[in-house]
Structure formats: C-alpha cells, structure tokens
Amino acid sequence: MLTPPQVHDVKDASPVLLQVIARAVAEDPQIAIDTEGVYFQNEAGTFESWSGQAEVVTYALSSQPGRAFFSRAHDDAGVTLRRALKARTLPTGAHGWKHDRWAVSTAGARPDSLVAMWLLGRRASKGYGLKALMADRGFLMEDFDGARFLLGGVDERLGAMRAACDDPDFRRYAAEDAWACLQLAQEAESALADEEERLRRWFWEVETPFVDVLACMERRGLALDAVAISRMGAERRAEAERLAWDWTLRWPEVEIGSAKQVSEHFYGGGLWDRGGVPAGKSGQLSVDEGAMAKVLRGEITTQEGLDAANMRLAWQEAKGDATKYCDKLVAFARGSSDGRIHASYLQHGTGTGRLSCAEPPIQQIPTRSAFGKRLRAAFVAGEGREVVAGDFSQIELRVLAHFAGKGALFDAYREGADIHQRTADLIGCSRAQAKIVNFAKVYGAGPRKLAEQMGCEYLEARAFMREYERRYPDAVAVVLRAVEAARARGRVRTISGRFRPLPNMLHDDPALRGAEERKAGNTPIQGSAGDICKVAMLAAHRAGLPLVGQVHDEILLDVAASEAEDAREGLKRAMEGAWALKVPLVAEVGRGPSWGEAKH
C-alpha cells in the first residue's frame, strides 16, 4: 500500500540543505518533476497551453519514494533548483512532458510516465491521467479546487496561485504530482526491464524524443484561410436549410431533425428497409449517416423512400460539414493569438499506436469528397511560403507484404506493379472495387461490411473475398498467424516490438471475442504503419524540417518558398528511409501554396 510522501517546502531549507537538494537534483539517477503555472491569455480569452508562453509559479520534484519537495519558482530556492534542473544530464521524468517541456529546461532525456504506461498497456479504468493511474494503484491523490486560478486576467490568476503557495493543501497537491510521477516512472522502468530489448530501445529512442516532436509541431500550428472556411460553412449551412425546406414541403408532418419522427414514419411505414440498421436502447431504428447509407444500399421499393433517404443524408452531411469542420476550425483559428490551428495530438490516443487528434478534428477531414478537397485547399502557407505534404503510398499493404515475405502481394510490390489493378485482374472486379477488397483485410472487414463498402450484394462480396484469399494466401496467413498468436499470448506486436494487450481473445461472449480477433488481425499492420510514420517524423524533425501537422499517413511542413524544394526532398528521404522493409517504402511528396495544392 502506497503512503503519502513527506512534503518539504524548500523555502524553509537552510542554505546548506538547499545545496544538498540541488546536488540531488543534478545527480540522483531518477527524479520526477511537475510544474504549476498560468498560461497567458489571448484576446479571445483562450489559455494558450500550446504556446509555452506561461508564467511558472511552482516546481515540485521527487527523487525518493517517500519524499517530495515544493518550491516557488522565483524565490532564491526556486532559482537554485531551476539551475540544477537545467544542468541535469540524467533522465528527468514527468507525466505529460509535452506541456512541462516549455516550463522546464533539462539537458538529459525526458521520459514521460504517461507514454510509458500507454506503451506498457497499463491503462487505468479511467484512462492514463495521473490521478486515475494512482487510484488504480490504491492511492487517492490530494485534490485542490483550482477554479480561482482561471478567473480574471493574468495578473489576477498569478496572484491567486502565488497566494496559494502558503496553503499546505496546495503544496501537498503540487508535490504529490511529482511524487506520483516518480512512482509510475519506477514501475515503468521495472516493467520495461522484463520486456524485450527492442521495446526498451523503442521507448528511449523513439517514444521519448517523439514527445518533443509533437510539442514543437503543435506550437508551430497550421495556417488557414479563415475567411474562405467561413464562406464554405455559410454555403453548407444554406444548403442544409434549403434541404430542410424542401423536406418540409414534401413531408410537413415529419421534422427532418427529429430522429424519432423520421424513424417512425419511414421505417414504420415500410418505406425504408430495416435490414442491417441498428436500433438504440429504446428500440428506435437509427437514422444517422451510417444508417442512411445502409438504407440506400438496401431494398427501397418506392421513389418516395429513395428521395427521403437521399435528402436526409444530404442534409446531415451539409449540416455536419458546417458545424463539425468549418465552425470549429474557424473558432480555433480566431481563438489563437497568431490565427493558426494548434491541434492537440495524442501520442497515447489509440490502441494501434497511430496518432490521434483531440481537437480540432483535423484527422477526420473527409479525404475523397469535394468538400474535403476544398477544405484542404483552405489550409494555406501564407505569402512567401509553401506547404510540403508527404503521403506514404499504401503503407498498410506494404507492411502486410513485408510480413508475408513471399507470395503474390509481396511479388507485386517488388515488381512495382499497380497492386489494385493486379487484384482487379486476379479476382475479376473493377480497380475501385479491388482497392476496397485489398484494404478489407487490413481493417478486418468481413463480407457483410465489404458488401456495404462496395455497394454490392452480400454473396458477391463473399465471392470476391474468397477469391482474394485464394489468390493471396500468404498475405491472409499473416492475419491468421497474428490472431493465433494473440490467442496464445493475449497480445500482439508491431514491427517495432510494441505490443497491444488483448485480454478478451478467449472470452465466452462471441461479440467481444470477435472484436478482439479483428484487433489482433489489424493491429500488427496498422500499428506498424504508425511506428514507421513516427520514425519518419522524428527523422524529419532532427533534420530541421518544420512539421506542422500529421493526418493518417500524411506529414505536413510549412516552409519558406525558397526552401520548399529542399524540404520536399528532405521529407521524402526521411519517409522512405524510415524503415527497411522487404518491399519498397514509397512516399509521394508534393509542394504548393496550400495543403490541397501540395497533394500529388
């Protein structure tokens, strides 16, 4: 059972004791820190945590399991400790280094206990937050109401936090964070020692420095034309209103925005096929965008049913484009002091290991629609600058071929063939359909899902899938081996040695077990693609290339126009040299005045 640490306020330390503490900061093999401070506020009233423009009020550190030290940042003791931290060449731990890095300068490595817990698959019941992780270990951390630190201007908030430094509850709250970081760091170190050497190397050589990559990328941000995106939002909102009016003229008794009324009228009236459409807890059949797409692929026997489904889907898309993308992007840009989008990327946000983006929804921007293309074109570099965009070509399929090591898929990539056309020729379908079939194995889709994506009958999709399996047995075997390995070990690994725990592989519930099997099949492929992308971004960062965004398999730079060609070539080298696969790793890299025009 963990016991609370002794909290020492270094303000009360004698000069001799302060020097002892400073020496420990510089020389102890393992310490952890945490800071409290006030981020500057821009004209829109937003606290810009991405900017690093913060006034640090307190430092807390712990180097021994039962002790934690609290220090004010700007008194003599705080200045002494800050100098010791800056000179420290040994690793210094924290939980969420991405933000603390702007407040603390150290010469040594900065291992992040948040990233370590994610890498080791040690998620708490409520996520990877410090308090959640410690609660799962039987320790309820000190809580403190910090509402007063969010009221008023910077001076008022700073004054409130500095006054709180005399409150023992606040000092314990701040110091316990550093102590908890140390507990998790020590747990992670012990757990990593029991893992394969390659996982330990991956943590220290990739995941740890990658925190810095994300912090710098977020700080630079993406430039965009807010006026153009506002105009697009107004157009999509007007289109949604027009469709709502047309709907009212046609079906005045049914409100287009009422899911209950739409469901009862069209499903209940037999105008829409219920097959494959999910029902909610109330038993009401869904009318969301996915459901409308299923309705349109099903049996609609009347023109009225077809018109209603098309109109409802178009209304949903127009309304979603305006609110989810245009309004949100413009609000983020206008809420930052430099007019750029400073997205918050999560290194620990997915089970596969790919990056996710908390806000705004950069990674969800549609890729194939006309709206998505227009939106990308509105991300502009600005006068005298260019966007450089590098996109890995079919990286998941290339990883699959690498793991196969032989067979038709492997041979096709070694020969430089058009894999989608080759699949189309082998299984007897169009190239567009073959592309869907090729990726179905990567994402664990079955024949029913494949039929939805291809817009064909279930039996036809099943026939395509069976022919694919006959033509590419070595690729299919990769997925089957991964599932069998997960059954035996309860986890699967990616190309880097990272693993994903899969505790439900032998579960009695077929639905849970089936979902886990799909994860087992696709994680080694998607996760390995994510690993390769991280290595490429790290290489680009170390080469001095200014990363500003990452979306799926795409990496974005914002550079001076005079340097754009050199940056394009440098990004291509970083991406194609990220991993030595058994098949060629290909990146298509373009440049232009906007993200849309930099696409190849």
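If you're wondering where the values come from, they're calculated on a predicted model, not measured in any experiment.
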Report, as yes or no, whether the 6.0 Å neighbourhood of atom NZ on K406 holds more than 12 heavy atoms from other residues, nucleotides or ligands. no

Are V483 and M505 packed together at the side-chain level, in the sense that at least one heavy-atom pair is separated by less than 4.5 angstrom? yes

Side-chain touch H420/L397, heavy atoms, less than 4.5 angstrom: yes

Applying side-chain contact (heavy atoms from CB on, under 4.5 Å), run through R67 and S63 and close with a yes or a no. CA-CA 7 Å; R67 275 185 173 182; S63 62; over 6 Å; no

So with a 6.0 Å cut-off around CZ of R489, is the heavy-atom count from everything else above 12? no

Taking the side chain as C-beta and beyond, is there a heavy-atom pair between T92 and L61 under 4.5 Å? no

Could you go through E415 and D411, starting from their C-alpha distance and side-chain angles, then the distance that decides it, and tell me whether this counts as side-chain contact (heavy atoms from CB on, under 4.5 Å)? CA-CA 6 Å; E415 295 163 11; D411 292 342; 3.9 Å; yes

Axial cation check for F499 ring with R491, 6.0 Å and 45° limits: yes

Which distance, rounded to the nearest 0.5 Å, do you find between the CG of D553 and the CG of D391? 6.0 Å

dist D28:CG -> I21:CD1 (nearest 0.5 Å) comes out at 11.0 Å

Compare every heavy atom of R340 with every heavy atom of G221, then report the nearest pair and how far apart it is. O-NH2, 2.8 Å

Hey, is the main chain of F69 close enough, under 3.5 Å, to the side chain of H8 for a donor-acceptor pair? no

Quick check: do R123 and M117 have side-chain heavy atoms less than 4.5 Å from each other? no

Could you go step by step and tell me if R487 and E484 meet the salt bridge (charged side-chain N to carboxylate O under 4.0 Å, His left out) rule? CA-CA 5 Å; R487 284 199 191 101; E484 286 303 314; 2.2 Å; yes

Assess the pair W97 and F210: is the distance between their ring centroids shorter than 6.0 Å? no

Between E469 and R466, is there a side-chain N and carboxylate O pair less than 4.0 Å apart? no

Worked verdict on L409 versus D474 for side-chain contact (heavy atoms from CB on, under 4.5 Å): CA-CA 8 Å; L409 186 69; D474 296 293; over 6 Å; no

Distance-only, no hydrogens or angles: does the S71 side chain make a donor-acceptor pair with backbone N or O of A73 under 3.5 Å? no

Using a 3.5 Å distance criterion without hydrogens, assess whether the side chain of K572 forms a donor-acceptor pair with backbone atoms of A587. yes

Is any side-chain heavy atom of D34 closer than 4.5 Å to a side-chain heavy atom of Y173? no

Using modelled atom types only, decide if a donor and an acceptor are shared between the side chain of E27 and the backbone of P29 within a distance under 3.5 Å. no

Checking D531 against R498 for the salt bridge (charged side-chain N to carboxylate O under 4.0 Å, His left out) test, could you report, in this order, the C-alpha distance in whole Å, the side-chain angles of both residues, the deciding distance, and whether it holds? CA-CA 9 Å; D531 293 344; R498 277 193 313 106; 2.7 Å; yes

Answer yes when D212 and K98 have at least one side-chain N-carboxylate O distance shorter than 4.0 Å, and no when they do not. no

Under the criterion side-chain hydrogen bond (donor to acceptor under 3.5 Å, both in side chains), which of R398, H402, Q394 is the partner of Y413? Q394

Between W118 and Q347: side-chain donor-acceptor atoms closer than 3.5 Å: no

For F203, is there any backbone N or O sitting under 3.5 Å from a side-chain donor or acceptor partner on T208? yes

Backbone N or O of Q421 within a donor-acceptor pair of the D418 side chain at under 3.5 Å? yes

Straight-line distance of E386 CD to E565 CD, nearest 0.5 Å: 9.0 Å

Minimum-distance pair of heavy atoms, taken over all atoms of Y345 and L214: CB-CD2, 4.1 Å

Using every non-hydrogen atom in the two residues, find where I555 and L571 come nearest and quote the distance to one decimal. O-CD2, 3.9 Å

Please check: side-chain N/O of R376 versus main-chain N/O of A598, any donor-acceptor pairing under 3.5 Å? no

Compute whether any side-chain donor of one residue and acceptor of the other, for T350 and R354, lie under 3.5 angstrom apart. no

Of the non-hydrogen atoms in R88 and P91, which two are nearest, and what is the gap between them? NH2-O, 2.7 Å

Would you say S528's side chain and I495's backbone share a donor-acceptor pair under 3.5 angstrom? yes

Would a distance-only check, ignoring hydrogens and angles, find a side-chain to backbone donor-acceptor pair under 3.5 Å from T423 to I419? yes

Within-4.5 Å side-chain heavy-atom neighbours: R172 and P4: yes

My understanding is that only one of Q453, E396, R518, K449 makes a side-chain hydrogen bond (donor to acceptor under 3.5 Å, both in side chains) with Y443; could you say which? E396

Of all heavy-atom pairs linking V589 and V388, the shortest is CG1-CG1, 3.7 Å

Using every non-hydrogen atom in the two residues, find where A193 and R200 come nearest and quote the distance to one decimal. O-NH1, 3.4 Å

E205 side chain reached by P209 side chain, heavy atoms, under 4.5 Å: no

Whether over 12 other heavy atoms sit under 6.0 Å from R513 CZ: yes

Would you please classify the geometry between the W595 ring and the F379 ring as parallel, tilted or perpendicular, with 30° and 60° separating the classes? perpendicular

Can you classify the ring geometry of H348 versus Y128 as parallel (below 30°), tilted (30 to 60°) or perpendicular (above 60°)? perpendicular

Mind running side-chain contact (heavy atoms from CB on, under 4.5 Å) on R137 and R122 for me, showing each step along the way? CA-CA 11 Å; R137 286 150 180 78; R122 301 194 174 196; 4.1 Å; yes

Any side-chain heavy-atom pair from L355 and Q363 closer than 4.5 angstrom? yes

Spatial distance of atom CG (D558) from atom CG (L545) [nearest 0.5 Å]: 12.0 Å

Do T523 and R500 have a side chain donor and acceptor closer than 3.5 Å? yes

Under 6.0 Å from the CG atom of D508, do we count more than 12 heavy atoms belonging to anything else shown? no

Value rounded to 0.5 Å, distance of CG in D177 from NZ in K131: 5.0 Å

Quick check: does any side chain N or O of H552 sit under 3.5 Å from a backbone N or O of E554, one acting as donor and the other as acceptor? no

Enter the distance from E207:CD to L114:CG here, rounded to the nearest 0.5 Å. 11.0 Å

Verify whether one side chain among H95 and D112 offers a donor that lies under 3.5 Å from an acceptor in the other. no

